[in-house]
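All residue numbers in this chain count up from 1 along the given sequence. Both counts, for ligands and for their atoms, begin at 1 and track the order of listing.
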Amino acid sequence: MPATKYRFCFGPWNISPGQDPYGPPTRVDRDFDWKLAQLKKHGFEAMMFHDDDAVPDIDSKSWPQIQKEAKALKKRLDGEGIAIEMVAPRLWFAPETIDGGYTSNDPKHRRYAIERSKQSIDIANILGTDLLVLWLAREGTYIREAKNGRRAIDQLVEAFDAMLAHDKKIRLAIEPKPNEPMDHAYLPTIGHALAAAHLTRDPKRVGCVIESAHAILAGLDPADEIDFACAFGKLWSLHLNDQNGLKYDQDRPFGCTNLRSAFDQVRAVERNGYGKRAGEFVCFDVHPFRTTKEEHWMAHLTNSRQTFLRLVEKARSFDEKTAAALIKDRDYQALDQLVIEHLLG
Ligand code: XUL
Ligand code: MN
């Protein structure tokens, strides 16, 4: 089988200006044109979009206006030869989503979340992608007594069903994350996401996005999550990054904290053939360190891409024969060192 020729992707939010909960931006934000030019210049071929990345201030605009702006964006990206990887409804900013989207305790707000998701599907259609990513940011609780966990699953499935019914071709890719902004999320792992998929009206069209940091936050191995999702044919997007332990979501450059885990993720990607099918991109959901100067603003993305490609070489040149012999001999001590020497070498 020919080797995968990987294609890379990021979202406009990944060129972030450096704000955190404790301080303002440290770089003057750049406009979309600049971000797009950077994407092309640095060897990326696709962009991810939240609905309001595609159409800013979306809630203040009419559908004809949204449609017009989405069509203009599509024309622009086609002209530049850039693919649109996915659209994701941003259901965590608006006042209507303070208590969650699909699982808000207020029925008006649940309706808002579903309507906004259907609108995102219509935008995805205009932009030419059949992938709707659902990061279920506020679908959880600060205190568990605030919501009924059983009802929350029913509400999530009801919302997924409404989206699947709205469009016969759309595929929903759930991006689980166990915590942040919530104390606990209702679909914290890939296993939960794929189990929930089976409660929907069309399980074939409900899959997932794996983000390395989110898996680590759940105490899981991102490489195992990749293998698990691929066993179901459900890995529909991939957000590679890194995370140093169980703390706030760090979105570090790929390989920054744990190069060996990054190597294992690349091996999992390679053995499952992710990246071979049309529309499959390696996305980096990474952010620059707050200290980053404007002239180094793309380094977290270009470094992640470079590390990924270097690790592809490492995965392809790994001494599989020796590894297999050591596995047969149950000499995992030597296997461990084989990996370490290979990564150091
Ligand atoms: C949040 C996160 C999001 C999604 C898209 O942690 O990863 O940026 O990838 O909504
Ligand atoms: Mn992500």
Worksheet item: By number and element, which atoms of ligand 1 are closer than 4.0 Å to a non-hydrogen atom of Asp249?
Response: 6 (O)
Worksheet entry | Where Arg138 and Thr97 come nearest, the two heavy atoms and their spacing | CD-O, 3.1 Å
Discussion item. Looking at every non-hydrogen atom in both residues, tell me the closest pair between Ala223 and Ala268 and how far apart they are.
Written reply: O-CB, 3.8 Å
Item to complete: Walk me through it: do Asn241 and Asp251 pass the test side-chain hydrogen bond (donor to acceptor under 3.5 Å, both in side chains)?
Response: CA-CA 6 Å; Asn241 59 15; Asp251 293 336; 3.0 Å; yes
Item to complete: Return yes if a side-chain donor-acceptor contact under 3.5 Å exists between Arg110 and Ser104, otherwise no.
Response: no
Fill in: Contact summary for Val312 and Tyr6, nearest pair of heavy atoms
CG2-CE1, 3.8 Å
Discussion item. Using a strict threshold of under 4.0 Å (side-chain N to carboxylate O), is an ion pair present between Lys168 and Asp202?
Written reply: no
Worksheet entry | ligand 1 contact by Asp285, heavy-atom criterion under 4.0 angstrom | yes
Worksheet entry | Where Cys9 and Met48 come nearest, the two heavy atoms and their spacing | SG-CG, 3.4 Å
Worksheet item: ligand 1 versus Met48, non-hydrogen atoms closer than 4.0 Å: side chain, backbone, both, neither?
Response: neither
Worksheet item: Do Tyr274 and Thr4 have side-chain atoms, one donor and one acceptor, less than 3.5 Å apart?
Response: no
Worksheet entry | Proximity of Arg90 to ligand 1 by residue part, where a heavy atom lies under 4.0 Å | neither
Worksheet item: Which of the numbered atoms in ligand 1 are below 4.0 angstrom from a heavy atom of Trp13?
Response: 8 (O)
Item to complete: Look only at the side chain of Glu280 and the backbone of Arg277, and say whether a donor-acceptor pair between them is shorter than 3.5 Å.
Response: yes
Item to complete: Return the minimal non-hydrogen interatomic distance between Glu180 and Trp135, and the atom names on each side.
Response: O-CZ2, 3.8 Å
Practice prompt. Measure the distances from the heavy atoms of His214 to every atom of ligand 1 and state whether one is below 4.0 angstrom.
Written response: yes
Worksheet item: In terms of atom number and element, which parts of ligand 1 are under 4.0 angstrom from non-hydrogen atoms of Glu175?
Response: 2 (C), 4 (C), 5 (C), 7 (O), 9 (O)
Discussion item. Given 3.5 Å as the limit, does a donor-acceptor pair link the side chain of Lys40 with the main chain of Glu80, or not?
Written reply: yes
Worksheet item: Is Asp251 touching ligand 1 with its side chain, its backbone, both, or neither, if touching means heavy atoms under 4.0 Å apart?
Response: neither
Worksheet item: Do you know which two heavy atoms are closest between Pro253 and Asp242, and how far apart they sit?
Response: O-CB, 3.3 Å
Worksheet item: Does an N or O from His50, backbone or side chain, lie closer than 3.5 Å to an N or O of ligand 1?
Response: yes
Worksheet item: What are the atoms of ligand 1, with element, lying closer than 4.0 Å to any heavy atom of His239?
Response: 9 (O)
Practice prompt. Would you please determine whether Phe49 falls within less than 4.0 Å of ligand 1 on a heavy-atom basis?
Written response: no
Worksheet item: Using a heavy-atom cut-off of under 4.0 Å, does the side chain or the backbone of Glu180 touch ligand 1, or both, or neither?
Response: neither
Practice prompt. Have a look around the Mn ion (ligand 2) and list protein N/O/S atoms under 2.8 Å, or say none.
Written response: Glu175 OE2, Glu211 OE1, His239 ND1, Asp285 OD2
